[in-house]
2 protein chains.
Amino acid sequence: MLDNTDRLILDELCKNSRITMKDLGEKVHLTGPATSSRVAKLEDRGIIEGYTIKINQDKLGYPVHTMISIITNSPFHDPYLTYLDTQKEFVIHNYKISGDSCYLLECRFPSTEVLDEFLVGLNKHVNYKLSIIINK
Amino acid sequence: MLDNTDRLILDELCKNSRITMKDLGEKVHLTGPATSSRVAKLEDRGIIEGYTIKINQDKLGYPVHTMISIITNSPFHDPYLTYLDTQKEFVIHNYKISGDSCYLLECRFPSTEVLDEFLVGLNKHVNYKLSIIINK
DNA sequence: GTTGAAAGACACCATCC
DNA sequence: GGATGGTGTCTTTCAAC
């Protein structure tokens with residue numbers, strides 16, 4: 001399904017997705033056109049979903065990184081999900097999970113003050129357990 | 001610090017980081033050279049950390065997505081961290097967090113069988129609570 | 001998958017606003 | 001800080017092997 005060269009290509013594109021097909025080819029011992037063709041296939045198969053950038057969220061002004069376990073006894077999740085929609089600026093992921101919690105919510109905030117405001121709103125719809133991420 | 005044009009540039013680069021400076025410029029109503037200069041500054045300031053790709057991990061063969069809360073009463077975390085080093089293939093993030101747990105470990109596995117093997121090894125060093133991510 | 005060629009596009013620079 | 005125009009280079013793409 002995926003040979004070693006494909007894996008090398010993915011590795012290199014992870015490190016630098018703006019590399020040219022020719023240079024990428026040199027890294028994986030292939031010519032430009034052959035590399036280009038491999039990459040096109042990886043795109044077609046949906047393995048490469050897109051080309052993006054890594055952003056430093058701290059420097060962008062969102063240093064407070066949190067994981068919030070969402071707990072609710074209510075079968076109605078819509079109020080919570082609707083609230084999240086109003087807070088998209090802070091939401092990174094909202095994972096539906098198995099276990100004690102319903103969701104695991106990853107968010108980033110500019111400050112603990114803003115986090116506090118967010119939690120006040122959140123608490124109107126669900127209970128939660130807050131964890132601050134100290135280090136990656 | 002960061003004006004609206006910079007934010008637009010970051011947005012567009014998130015969507016497609018292989019866009020040319022000229023095309024990116026059109027999207028943010030700037031010329032190629034002006035855009036290029038903005039992007040260079042965003043790189044220099046460390047806001048753009050790099051250019052990468054989005055990979056579909058399901059299609060790559062890692063469909064089992066998990067969040068594992070790591071709990072230990074021991075002050076020695078090294079055995080755990082050393083174990084993780086041997087399991088890099090599966091580890092996405094190992095966040096040090098506040099709260100009841102010491103770490104929040106995000107992993108992906110090819111199957112529940114492989115997950116099980118991982119947990120058997122993990123349990124030699126720490127206690128854990130496993131959550132499976134059902135949906136993003 | 002390789003090679004070689006051709007067309008086109010790109011980034012960069014200097015200059016000017 | 002941005003626009004313009006020109007230049008040299010690089011990139012991609014295609015056909016033939």
Side-chain angles (χ1 to χ4, degrees), chain A residues 1-64 88-90 92 108-111 114, chain B residues 1-63 88-89 108 110:
Chain A
M1 163 147 192
L2 210 72
D3 69 11
N4 201 46
T5 303
D6 285 329
R7 268 185 284 273
L8 281 173
I9 286 174
L10 292 176
D11 277 355
E12 291 300 329
L13 286 177
C14 275
K15 288 188 226 160
N16 174 21
S17 66
R18 281 194 72 114
I19 193 172
T20 65
M21 292 303 110
K22 180 174 160 287
D23 289 349
L24 177 56
E26 279 177 22
K27 286 184 186 281
V28 305
H29 310 294
L30 240 53
T31 58
T35 311
S36 185
S37 150
R38 290 254 191 175
V39 170
K41 275 176 199 155
L42 289 167
E43 290 170 359
D44 291 343
R45 289 155 75 185
I47 292 171
I48 295 178
E49 288 190 328
Y51 298 85
T52 185
I53 51 174
K54 270 181 286 196
I55 292 184
N56 186 318
Q57 295 291 342
D58 288 1
K59 291 185 180 164
L60 234 190
Y62 293 85
V64 181
K88 278 184 183 164
E89 181 187 354
F90 310 121
I92 299 171
R108 277 189 170 269
F109 301 93
S111 66
V114 178
Chain B
M1 163 146 192
L2 211 71
D3 68 13
N4 201 46
T5 303
D6 285 328
R7 269 185 285 272
L8 281 174
I9 287 174
L10 291 176
D11 277 355
E12 291 300 329
L13 286 177
C14 276
K15 287 188 227 159
N16 174 20
S17 66
R18 280 192 72 110
I19 194 172
T20 64
M21 291 302 110
K22 180 174 159 287
D23 289 349
L24 178 56
E26 278 177 23
K27 285 182 185 281
V28 304
H29 310 295
L30 241 51
T31 57
T35 312
S36 186
S37 147
R38 290 257 192 173
V39 170
K41 274 175 199 156
L42 289 168
E43 291 170 359
D44 291 343
R45 289 154 76 184
I47 291 170
I48 296 177
E49 288 188 330
Y51 297 85
T52 186
I53 51 173
K54 271 180 287 197
I55 292 184
N56 186 319
Q57 295 291 341
D58 289 1
K59 291 185 180 164
L60 233 188
Y62 293 84
K88 276 183 183 169
E89 180 187 354
R108 276 189 171 269

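Since the structure is predicted, the reported quantities are computational estimates derived from the model, not experimental observations. Lettering follows sequence order; numbering is per chain, from 1.
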Would you mind reading off the distance between [X] atom [atom1] and [N] atom [atom2], rounded to a whole angstrom?
X	N	atom1	atom2	answer
D23(B)	dT11(D)	CG	C1'	15 Å
K22(B)	dT4(D)	NZ	C1'	14 Å
R18(A)	dT12(D)	CZ	P	11 Å
D6(B)	dG2(D)	CG	P	8 Å
E26(B)	dA3(D)	CD	P	12 Å

Between the main-chain N or O of [Y] and the side-chain N or O of [X], is there a donor-acceptor pair closer than 3.5 Å?
X	Y	answer
R108(A)	F90(A)	no
S37(A)	P33(A)	no
R18(A)	I19(B)	yes

Before giving the answer on side-chain hydrogen bond (donor to acceptor under 3.5 Å, both in side chains), spell out for T52(A) and S17(B) the whole-Å C-alpha distance, their side-chain angles and the decisive distance to 0.1 Å.
CA-CA 5 Å; T52(A) 185; S17(B) 66; 6.0 Å; no
Heavy-atom distance under 4.5 Å between the side chains of L10(A) and L60(B), does that happen here?
yes
Evaluate the side-chain contact (heavy atoms from CB on, under 4.5 Å) criterion for residues R38(B) and E43(B): first the C-alpha distance (whole Å), next the side-chain angles of each, then the deciding distance (0.1 Å), finally the verdict.
CA-CA 9 Å; R38(B) 290 257 192 173; E43(B) 291 170 359; over 6 Å; no
Work out which heavy atom in K27(A) is nearest to a heavy atom in E12(A); give both atom names and the distance.
CD-OE1, 3.1 Å
Set out, in order, the CA-CA distance, both residues' side-chain angles and the distance that settles side-chain contact (heavy atoms from CB on, under 4.5 Å) for N16(A) and L24(A), then state yes or no.
CA-CA 9 Å; N16(A) 174 21; L24(A) 177 56; over 6 Å; no
At a 4.0 Å cut-off to heavy atoms of chain B, the contacted part of DNA chain C spans dC10(C) to dC13(C)
Near DNA chain D, counting only heavy atoms under 4.0 Å, which residues of residues 31-41 of chain A show up?
P33(A), S36(A)
